[in-house]
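Side chains included, hydrogens not; waters and symmetry mates left out as well; all remaining heavy atoms used. Here is the naming used below: chain letters follow the sequence lines, and residue numbers restart at 1 for every chain.
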There are 2 protein chains.
Amino acid sequence: MRVLLVEDDAALGNAVSEQVADQGHAVDWAQTVSDANACLDAAAYELILLDLMLPDGSGLSFLRALRRGGATVPVIILTARDRISERIEGLNAGADDYLVKPFDLSELSARIAAVARRYAGNPNPIVTVGPLEVDLAAHVLRRDGKTITLTAREWHLLEALMRRPGTILSKTQLEESLYNFDSEFESNTIEVHISRLRKKLGKDAIETARGLGYRLNSMASGTAS
Amino acid sequence: MRVLLVEDDAALGNAVSEQVADQGHAVDWAQTVSDANACLDAAAYELILLDLMLPDGSGLSFLRALRRGGATVPVIILTARDRISERIEGLNAGADDYLVKPFDLSELSARIAAVARRYAGNPNPIVTVGPLEVDLAAHVLRRDGKTITLTAREWHLLEALMRRPGTILSKTQLEESLYNFDSEFESNTIEVHISRLRKKLGKDAIETARGLGYRLNSMASGTAS
DNA sequence: GGCGTCCTGACACGAACCTGACGGCATATA
DNA sequence: TATATGCCGTCAGGTTCGTGTCAGGACGCC
């Protein structure tokens with residue numbers, strides 16, 4: 001994870017950033033609100049550790065501005081023990097959590113790990129074409145609930161076909177999308193890969209248009225052999 | 001939201017359930033672990049408030065059992081001020097948050113609101129993948145009850161893979177999550193670390209997809225060599 | 001039927017991957 | 001400071017398996 005630490009106290013900042021780095025995360029340490037904003041402009045963070053008492057402005061309004069801007073990044077507030085109202089305000093301003101200073105470093109670790117776990121990620125978009133469920137990002141393909149494994153070439157081919165479902169793509173076009181150049185020679189590579197794909201996806205998943213090319217059949221319903 | 005309160009102290013239980021109800025949520029109040037289990041069988045909850053000191057068993061083991069069963073419901077722990085280790089253990093056992101007794105009721109409200117907000121869109125924290133139990137916070141890894149120790153690099157790699165179980169991650173992606181930058185030139189570091197990880201986790205814990213990358217195999221069941 | 005296009009099993013090559021070994025480096029211990 | 005320990009990146013040799021090629025057959029179209 002990439003973590004932004006916003007904290008003006010040098011000693012605490014050092015300790016925390018070291019601890020976070022030890023946990024294997026990349027840390028950027030901002031000492032002021034304007035530094036923090038600069039960091040946010042420069043990089044994307046998965047977690048922000050935010051001190052509320054900063055020299056050039058309130059961490060609270062920084063947080064509120066962040067949330068108003070639609071940012072969903074988890075924020076953990078670092079706050080003093082006696083400022084209960086501040087903690088409440090922080091949570092209401094959109095913080096996910098807080099740590100009371102002085103805090104145990106192992107507690108910090110646990111909380112960061114909790115956020116990391118929670119952060120685990122939004123699922124990838126899944127496209128369905130006919131009976132096929134495809135998660136292009138994860139390279140997961142399912143048919144009737146059963147997962148099908150494809151090779152690299154087969155994925156590229158399927159991706160090319162899925163980019164324009166229903167429309168016919170010529171062998172030349174498909175070749176180009178596989179190899180990024182037109183093969184000067186003719187070969188039947190595409191035919192072979194189409195054949196291999198059909199064997200996995202089901203015979204009718206890909207339709208051939210004689211003399212023109214191939215297209216994904218979004219209506220297919222047959223079964224794989 | 002439907003909230004399950006597990007708390008044996010009558011006075012506190014009354015106060016809390018009243019407060020939660022005032023916030024517009026439905027509350028069920030269980031005074032023992034077995035009561036709580038009965039409630040869970042009977043209804044689905046969006047939030048659990050859990051006291052750790054209960055007459056008929058530890059709230060911690062209740063929580064762990066809950067998580068082991070795959071439950072993703074947010075859990076806020078209610079704990080005494082002086083029990084820091086308990087709080088940490090609680091977070092590691094899969095709690096999302098804790099409140100230190102005695103707590104301000106308005107703070108409780110703020111925390112519930114925070115959970116409600118967070119609950120809106122976030123997916124499951126990952127604790128077990130296949131035969132592996134992973135405690136990211138404590139950096140403890142278990143397989144078949146036996147703990148396995150990993151080196152720093154191995155942890156990062158495993159974390160990256162666990163963040164998206166089942167999806168294929170390219171070597172480049174894995175490299176980035178290890179080093180926070182793309183290595184300009186190629187080495188087989190990832191391959192080597194994958195090999196070392198497999199030796200510890202079991203051969204089939206990580207699947208390789210030739211030409212694409214690697215993925216955690218959540219179905220793995222073989223034994224480590 | 002005759003022709004061209006497409007399908008598909010078989011096969012061999014080589015890229016991608018695995019893994020044991022080694023040495024550099026950092027940290028711990030005395 | 002000297003020694004020991006363990007992690008990590010590199011390398012080399014071995015292995016696996018994806019991929020292109022080819023050939024014979026099937027199919028559609030005139």
Side-chain angles (χ1 to χ4, degrees), chain A residues 18 21-24 139 141 148-161 168-215 217 222 224-225, chain B residues 139 141 148-158 160-161 168-215 217 222 224-225:
Chain A
E18 204 169 299
D22 277 358
Q23 252 190 299
H139 288 217
L141 170 64
I148 301 169
T149 60
L150 298 184
T151 69
R153 281 279 130 81
E154 287 160 2
W155 270 109
H156 289 150
L157 197 53
L158 182 61
E159 262 183 77
L161 288 167
I168 295 178
L169 295 170
S170 73
K171 280 195 260 191
T172 320
Q173 282 175 298
L174 292 172
E175 235 159 55
E176 278 173 31
S177 76
L178 279 200
Y179 308 107
N180 303 313
F181 61 87
D182 355 60
S183 64
E184 62 281 10
F185 269 107
E186 65 183 80
S187 90
N188 71 339
T189 341
I190 298 296
E191 289 173 23
V192 172
H193 280 297
I194 290 280
S195 168
R196 285 169 182 160
L197 254 183
R198 284 211 257 241
K199 203 185 280 182
K200 292 185 177 179
L201 305 185
K203 264 228 180 326
D204 50 1
I206 300 166
E207 232 177 317
T208 120
R210 274 200 158 230
L212 298 173
Y214 299 91
R215 81 164 151 204
N217 183 357
S225 54
Chain B
H139 281 209
L141 169 66
I148 302 169
T149 59
L150 298 184
T151 69
R153 283 280 130 84
E154 287 160 2
W155 265 110
H156 295 159
L157 200 51
L158 182 60
L161 287 167
I168 293 180
L169 295 171
S170 72
K171 280 197 260 193
T172 320
Q173 282 175 298
L174 293 172
E175 235 159 55
E176 276 173 36
S177 76
L178 279 199
Y179 309 109
N180 301 313
F181 60 85
D182 352 60
S183 68
E184 60 282 9
F185 70 114
E186 63 185 86
S187 91
N188 72 338
T189 337
I190 298 295
E191 289 172 26
V192 172
H193 280 295
I194 290 279
S195 171
R196 286 169 183 160
L197 252 183
R198 283 211 256 242
K199 206 183 280 183
K200 293 185 178 180
L201 304 185
K203 263 229 181 327
D204 49 1
I206 299 166
E207 230 178 316
T208 120
R210 271 191 169 235
L212 297 172
Y214 299 90
R215 83 164 140 211
N217 184 358
S225 51

query: Between atom CZ in R198(B) and atom C1' in dT16(D), what is the gap in whole Å?
result: 12 Å

message: Determine whether a donor-acceptor pair (N or O, by modelled atom type, separation under 3.5 Å) exists between the side chain of K200(A) and the backbone of T149(A).
response: yes

message: Using whole Å, what does the distance between atom C1' of nucleotide dG18(D) and atom NZ of K199(A) come to?
response: 14 Å

query: Quick one: is H193(A) getting a side-chain N or O under 4.0 Å of the dG20(D) phosphate, OP1 or OP2?
result: yes

message: To check you understand the geometry: which heavy-atom pair defines the closest contact between L169(A) and A160(A), and what is its length?
response: CD1-O, 3.4 Å

Value in whole Å for how far the C1' atom of dT21(D) lies from CZ of R153(A): 14 Å

query: Atom CD of E207(B) and atom P of dT16(D): how far apart are they, to the nearest Å?
result: 18 Å

Heavy-atom contact window of chain B on DNA chain C, given 5' to 3' at under 4.0 Å: dA15(C) to dA21(C)

- request: Take the protein atom CD of E191(A) and the nucleotide atom P of dA23(D), then report the distance between them rounded to whole Å.
  value: 15 Å

task: With the side chain counted from C-beta on, respond yes when Y179(A) and H156(A) share a heavy-atom pair under 4.5 Å apart, and no when they do not.
output: no

message: From CG of N188(A) over to C1' of dG25(D), roughly how many Å is that when rounded to an integer?
response: 14 Å

- prompt: Rounded to the Å, how far apart are I190(B) CD1 and dT10(D) C1'?
  reply: 14 Å

task: Would you check, one step at a time, whether the test side chain to side chain contact (heavy atoms under 4.5 Å, CB included) holds for L201(B) with L158(B)?
output: CA-CA 10 Å; L201(B) 304 185; L158(B) 182 60; 4.0 Å; yes

- request: Report yes if at least one side-chain N or O of T151(B) is closer than 4.0 Å to OP1 or OP2 of dG6(D); otherwise report no.
  value: no

field: Under-3.5 Å donor-acceptor pair between R210(A) side chain and dC27(D) base
entry: yes

field: Criterion side-chain contact (heavy atoms from CB on, under 4.5 Å) against V192(A), the qualifying member of I190(A), N188(A), I194(A), T189(A)
entry: N188(A)

- line: Between V192(B) and T208(A), the residue closer to the 5' end of DNA chain C by nearest nucleotide is T208(A)

message: Just the rounded figure in Å: distance from C1' of dT10(D) to CD1 of I194(B).
response: 17 Å

- request: Classify the side chain of R196(A) and the base of dT19(D) as holding, or not holding, a donor-acceptor pair under 3.5 Å.
  value: no

- request: Determine yes or no for a side-chain-to-main-chain donor-acceptor pair under 3.5 angstrom, with R198(A) supplying the side chain and I206(A) the backbone.
  value: yes

task: Please assess L178(A) against R153(A) for the test side chain to side chain contact (heavy atoms under 4.5 Å, CB included), listing each intermediate value before the final yes or no.
output: CA-CA 7 Å; L178(A) 279 200; R153(A) 281 279 130 81; 4.0 Å; yes

message: Taking 4.0 Å as the cut-off, does a side-chain nitrogen or oxygen of T189(B) come that near to OP1 or OP2 on dT10(D)?
response: yes

